[in-house]
Amino acid sequence: MIKHRLPLLFFAVAALATPYSVQRIFLHTGIEKKMGTVQKIFYFHVPLAWIMMALGITCGVAAAIQLRKAATGRSRMAESLSIAAGELVLVTGLGVLITGPIWGHATWGRAWTWDARQVSTGLLWLVFAAFVLLRRYGAAGSERLAAALAVFGAVDVPVIYYAVKIWKTTHPTTDVVGSLPAQMWNSLWPALGALVCLTVGVLLVRIRQEQDAAELDDAWIALDDRGRALTLGGAP
Amino acid sequence: MAIVPLQLRELSKRFGRLAVLRGIDLEVGAGEAVALLGANGCGKTTLLSIAAGLLPSSGGSCTWGGPTQDELDVAARRSLAFVAHSTQIYGRLSARENLQLLASLRGDSVDAAVLDPLLERVGLGDAITRLAGTFSRGMQQRLAIARALVGRPELLLLDEPFTALDFAGRATLARILLEERARGAAILLSSHDLEAVAEVADRAVLLADGRILAAATRRGDEAVDAFAVRIRRLGVDVAPSQPRTGATHGGADA
Amino acid sequence: MLDAAVLAAPPCDTTAPVVPLARQAWLLAKNDLRQELRDLELVLTAAFFTLVVLVMFALAFAALPAADQTLAVPGMLWLAVAFVGALTLTRIFDREREADTLRAVLTWPVDRVAIYFSKLGVTLLVITGCGALLMPALGLLFPAAEVFWQRPLDAAALLVLGCLAYAAVGALFAAGLATASGKNVLLSVILYPLTSPALIFALVSTRALLEGHAQFHTYLGQLAALDAVLVAVASWLFEPVLLGSNARPAERRPSARAKRTP
C-alpha cells in the first residue's frame, strides 16, 4: 500500500512548495541589476538542468544493473527505473532546452552560443531520445541495446562538457552571468525542492506503471496457464 | 559416471505476454537421442536456443553437463555443438577453412588430415577447397553438420537438421547421428521428418502449448517402421484441437 | 554399418585449456581479414568513399583563408572518419548477418569479449587506413594542415586514438543490432549521438596540433584515457547486450556443481 501512497506524498509536498517558492522568487527576491526580470527564469532553469543530469546518471546506473544482473527481481526493478528516468530526461530536458535559450536570448543577445553546457545538454537529450526511440521501435532484444545506450549516455556527458570547454577556451568568451548574491541562491533551494518532489513523484508513478505492466503480463500468463490446464485435465 | 549432459527443469520462456515454453522437464543422457516434434511455432527452436546458451530463459533451469546455464563458461562450451536452422556458414571461406576456424578457436589441430575426414563423412569430399558461398543449401547443411562434429562434442543440438538434404544426405545424416549416439554423445534434435526421427531417436517428445504433451520411447528392438507409426499416433492422439483427458504435462509414454 | 573409427575415438576433452583471449580475438580478426582479402569489397568501397569526400573538400574549401583552415580541417577529418566508420561497421556486421554467423560463434568455446575485440580491431584497421589516406592528402591540400607532414608521429597517434574511441562504441552497438533481428537503420540514430564526445575530443586535439598548442600532448593523453574508458565499458557490456542474462532458478540446487566431479 505504501508503494501506492508514496508518490502522493511527494506530490503533496510539491503542491505546497511550489506556491511558496514562486511567491518567494517573484515577491521577496531582488531583481538582478544587469539582467532584469528575465533572470527569474534562472530559478527554474538551473534546478531543471540539475534534475536532468541526475536523472541521466540514474538511468545509466539502473541500465548497467539491468544488464549485469540476472533477469529477475533486481534487474526488473532496475529496468523500470531506467525506463522512467530515461523518459523523464526527455521531459525535463525539454524544459531546460526551452528555458535556457530564452534566458540566453535576453542576456547574451543570442539564444544558442554553443557553450559547453548547451552542447552537452543538447547531446544528452539526443542520446536519451535515441534511448526512448529504441525502446519503442526496436526489435526484440533491443531493450538490452537501449540499456547500453543509456550507460554510454551517462558516461558521455562529462566528456562532452569537458571537450567543448577546451574547444571554447581557446576562443575566450566574456562571462556574462556573474556570481549571484546569497539571497538569490537562497531562493533557489525552495524551487529546487518543489521540482525535485514533483519529479520523484512522477518517477515513482512511472516505475509503478512499468511494474504493474509486468505483473499484468505475469497474471495474464498465469491465467492462461490455468485455463489450459483446465481444458487439458478436466474436459469431459 | 552419471553425468546427464542436458537437463531441463521447469524451463520456461516468455516474450512479454507470449509464453512460448511453460515448464519443460526433459533430460537427455549420454548416448541418447531425443527428438522434439511439434507444429511450427511450438517452441522447438526457442528450447534449443536456450539449451545452446543463445537465449536467456525466463524461469526454471537448464543444467548442462554439470553447471547451470548461467555458469556455462567458455570451457564448458567445448563439449557443445549447435546446428541452427540457418546454416551459419562463412560463404567467403572454403569448406575446410570453415572447420579450421572452429578448430583453431577450440585450440584443436587444424590439420587437414584431421578435418578432411569429417567433410568426407558428410559427403563433401569433392568440395573441400571450394568456397562455401558457392554451395547449394543442402551442401551448406552438410557442412554445418560437419562443423558440429569438430572436436567430438558430448552434446549435439540440431534444429531441423534434415532440412534441404537430398535423399542420400538424409541417409548420411541419419547414419552420422547413430554413430555419434553410439559413441556416447547426447543428441537433441527437432524435426518434422517422422521417418528420420524414428530411425535415429530413442525418444520422441511432442511439444505443444509450451509443454511436453506426450512422449514415445523406443522399445527394445522395435522396428523403425513400428516406432514411426507410434510417433505418428503421438501427434494425432493429442492434437491441440482435441484436448484429451489424462495427458498431463511431463507426458506419460504413449 | 557404423564407422568403427568414430566409435573408438575419445570424447572431447573439456578439461583442455581454453585458448587465451588474445589469441581468440586474433583468430577471429584474422578470419575477418582473410574473408576481406578474398574480394577487398570493404577496403575498396571505404577508400573510394574517402577519395570522393577528399575531392569534395578540396573543391569546396580550397579558397579558405589559412586562419580559417585550422578550424575547418579538423572538422573535415573527423566528419569523414565518422561517415567511413558507419559505412565500415555496417558492412562488417552485414557480412555476419548474411548467414547469421555471429550467432554460431556465440555457441563456440570462445570468450564473447574476444568477438568484441576482433570486430574492434578490424574496424579500427579499416578506418585508420582511410584516415591515413585523408591526413596526408589534407596536408597537401591545405597549408594549415602541413603539420600532418611535419609531425607524422603525433598525427598518427592522434588518428589511431581518435579512431579507437569511435570504433570502441561503434563495434558494441553494431554487434548488438546485428544479433537483434532487423532494423540496421537504427545504427546511425544510435552511433552519432554516442560517438560525438569521442569525435569532439578528437576535433579539439586535432586543432591543438594544427595550432601548435602546447597542451596537445595533454589532450592526446586524455584522449587515450577516454579510449580506455570506452573500451572498458563496451567490453563489460558486450556479453549482456548480445545475449541477455538468465533468470536464476528460484533455488539453486547444490548438486549442480557436485555432479561435475566424478
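Numbered from 1 within each chain, the chains take letters A, B, ... in sequence-line order. Quick caveat: nothing in here was measured; it's all calculated off a predicted structure.
Of the two parts of C:Leu242, only the backbone, made up of N, CA, C and O, holds a non-hydrogen atom closer than 4.5 Å to a non-hydrogen atom of chain A. For chain A, no part of C:Ala198 is nearby; none of its heavy atoms comes within less than 4.5 Å. Only the side chain of C:Leu226 comes within contact range of chain A, with at least one heavy atom under 4.5 Å from a heavy atom of that chain. For chain C, the nearby part of A:Tyr162 is the side chain; its heavy atoms alone come within less than 4.5 Å. The part of A:Leu133 that comes within reach of chain C is its side chain, from C-beta onward, which places non-hydrogen atoms under 4.5 angstrom from that chain. A:Val151 touches chain C through its side chain: at least one heavy atom from C-beta onward sits under 4.5 Å away, while N, CA, C and O do not. For C:Gln222, the part lying near chain A is the side chain, with the backbone staying farther off; criterion is any non-hydrogen pair under 4.5 Å.
C:Arg91 has a carboxylate O that lies under 4.0 Å from a charged side-chain N of C:Glu98, or vice versa, which qualifies the two as a salt bridge. Taking 4.0 Å as the cut-off between side-chain N and carboxylate O, A:Glu87 and A:Arg136 count as a salt-bridged pair. Looking at C:Arg103 and C:Glu96, no side-chain N of the basic residue comes within less than 4.0 Å of a carboxylate O on the acidic one, giving no salt bridge. Using a cutoff of 4.0 Å between basic side-chain nitrogens and carboxylate oxygens, C:Asp32 and C:Arg95 are not scored as salt-bridged. Looking at A:Glu215 and A:Arg76, no side-chain N of the basic residue comes within less than 4.0 Å of a carboxylate O on the acidic one, giving no salt bridge.
The two residues C:Ala155 and C:Met135 have their closest heavy-atom pair at O-CE, 3.4 Å.
No other option in C:Ile200, C:Val233, C:Leu194, C:Val169 has as many heavy-atom pairs under 4.5 Å with chain A as C:Leu194.
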